[in-house]
Amino acid sequence: MISTLRYHSAPLIGQILLSLGLFYRLVLDPTQGLYSEISDLPCLNMPIKHYLVQSLHTTGEIPLWNPHVCAGMPFVHDSQTAAFYPLHIILYLLPSKSIEAALSWLTVLHVVLAGWCMYAYAYSTGLNRLSSFAAGTCYMLSGKWLLHIVTAGHYPMIAMAWVPLFILALRLAVLQS
């Protein structure tokens, strides 16, 4: 296991460094938000996450209803909320003033995860490390995906990072049957 990790560490670390280079402004100021002037993040996702975290901190429960949007609407089921997404547990532990920076770093984490998941999938198909690194890097830096999550602030699109891992699991299940 350790030798396998050591064998794959250079491409995986390379993808981390590429991601940190892409988000160098966030690296230079880790407390800032990652969004553009046309982003949905500050006007749509940030208020939702603030309401979620403040409600959890004050009442100890995740709210089922949001009375502040459209004269009230269901809250917990909304895909924008993502209240039960496992990586959002960090948001519940932080003060609400840190949510903007946390969402920005979660975006960077998902870019790295996208590269790692595609690297794993590509390597499982028989590609060598360099080719798998190229596939993972191209996937994590693909323009359409990055345009959606960084420029437009379509935060729910971060789930696309997991797609290669799901395809890998499906491929392994088919091969074993």
Side-chain angles (χ1 to χ4, degrees), residues 1 4-27 33-36 38-46 48-49 52 62 74-92 99-177:
M1 175 70 178
T4 302
L5 186 60
R6 190 173 297 135
Y7 180 74
H8 294 288
S9 64
L12 300 178
I13 291 171
Q15 288 177 339
I16 291 173
L17 294 175
L18 283 171
S19 296
L20 293 177
L22 178 67
F23 298 108
Y24 72 93
R25 289 185 180 151
L26 188 62
V27 172
L34 179 68
Y35 57 86
S36 69
I38 60 169
S39 178
D40 286 346
L41 196 62
C43 60
L44 178 64
N45 292 308
M46 292 303 297
I48 290 171
K49 300 298 186 218
L52 174 65
I62 294 174
F75 182 74
V76 79
H77 85 287
D78 189 7
S79 63
Q80 298 288 335
T81 303
F84 302 111
Y85 183 55
L87 295 182
H88 282 168
I89 191 105
I90 191 74
L91 298 177
Y92 301 148
I99 290 175
E100 184 176 359
L103 284 176
S104 298
W105 282 105
L106 280 170
T107 301
V108 174
L109 174 66
H110 281 85
V111 170
V112 172
L113 285 173
W116 287 357
C117 290
M118 183 54 87
Y119 175 86
Y121 173 71
Y123 192 79
S124 77
T125 63
L127 294 178
N128 62 25
R129 282 190 314 168
L130 182 60
S131 300
S132 299
F133 173 75
T137 302
C138 287
Y139 184 72
M140 75 182 212
L141 299 178
S142 64
K144 179 117 175 111
W145 185 59
L146 282 179
L147 182 69
H148 276 288
I149 63 170
V150 177
T151 305
H154 298 156
Y155 188 75
M157 292 290 292
I158 61 170
M160 291 294 293
W162 299 107
V163 170
L165 191 63
F166 292 132
I167 295 172
L168 172 61
L170 180 64
R171 180 178 187 274
L172 293 175
V174 168
L175 289 175
Q176 290 179 359
S177 61

Run the side chain to side chain contact (heavy atoms under 4.5 Å, CB included) test against [X] and tell me which residues pass, sequence neighbours left out.
| X | value |
| --- | --- |
| S19 | V111, V112, M140 |
| H148 | K144, H154, M157 |
| S142 | W145 |
| A83 | L52, I62, V76, T81, Y92 |

Roughly how far, to the nearest 0.5 Å, is [atom2] of [Y] from [atom1] of [X]?
| X | Y | atom1 | atom2 | result |
| --- | --- | --- | --- | --- |
| L109 | I16 | CG | CD1 | 9.5 Å |
| I167 | T125 | CD1 | OG1 | 11.5 Å |
| L127 | F133 | CG | CZ | 14.0 Å |
| Y123 | L168 | OH | CG | 13.0 Å |
| S104 | I99 | OG | CD1 | 11.5 Å |
| L175 | L170 | CG | CG | 9.5 Å |

[X]: partners by ring pair (Phe, Tyr, Trp, His ring centres under 6.0 Å), with sequence neighbours left out:
| X | answer |
| --- | --- |
| F75 | Y51 |
| Y121 | none |
| H88 | Y85, Y155 |
| Y139 | none |

- Tell me, do L91 and K49 make a side-chain contact under 4.5 Å, heavy atoms counted? yes

**Prompt:** Considering only heavy atoms from C-beta outward, does the side chain of L22 approach that of L146 to under 4.5 Å?
**Reply:**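 They are in contact (side-chain heavy atoms under 4.5 Å apart), so the answer is yes.
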
Checklist line | Donor-acceptor pair, side chain of T137 and main chain of A134, under 3.5 angstrom | finding: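 Checked: no pair found.
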
Should L106 and I90 be marked as a side-chain contact (heavy atoms from CB on, under 4.5 Å) after you check the CA-CA gap, both sets of side-chain angles, and the distance that decides it?
-> CA-CA 9 Å; L106 280 170; I90 191 74; 4.1 Å; yes

Of all heavy-atom pairs linking C117 and W162, the shortest is SG-CE3, 4.1 Å

Looking only at heavy atoms, the pair that brings F23 and V150 closest together is CE2-CG2, 3.7 Å

Q. In chain order, what residues pass the side-chain hydrogen bond (donor to acceptor under 3.5 Å, both in side chains) check against S124, with sequence neighbours excluded?
A.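 Checked S124 against side-chain hydrogen bond (donor to acceptor under 3.5 Å, both in side chains); zero matches.
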
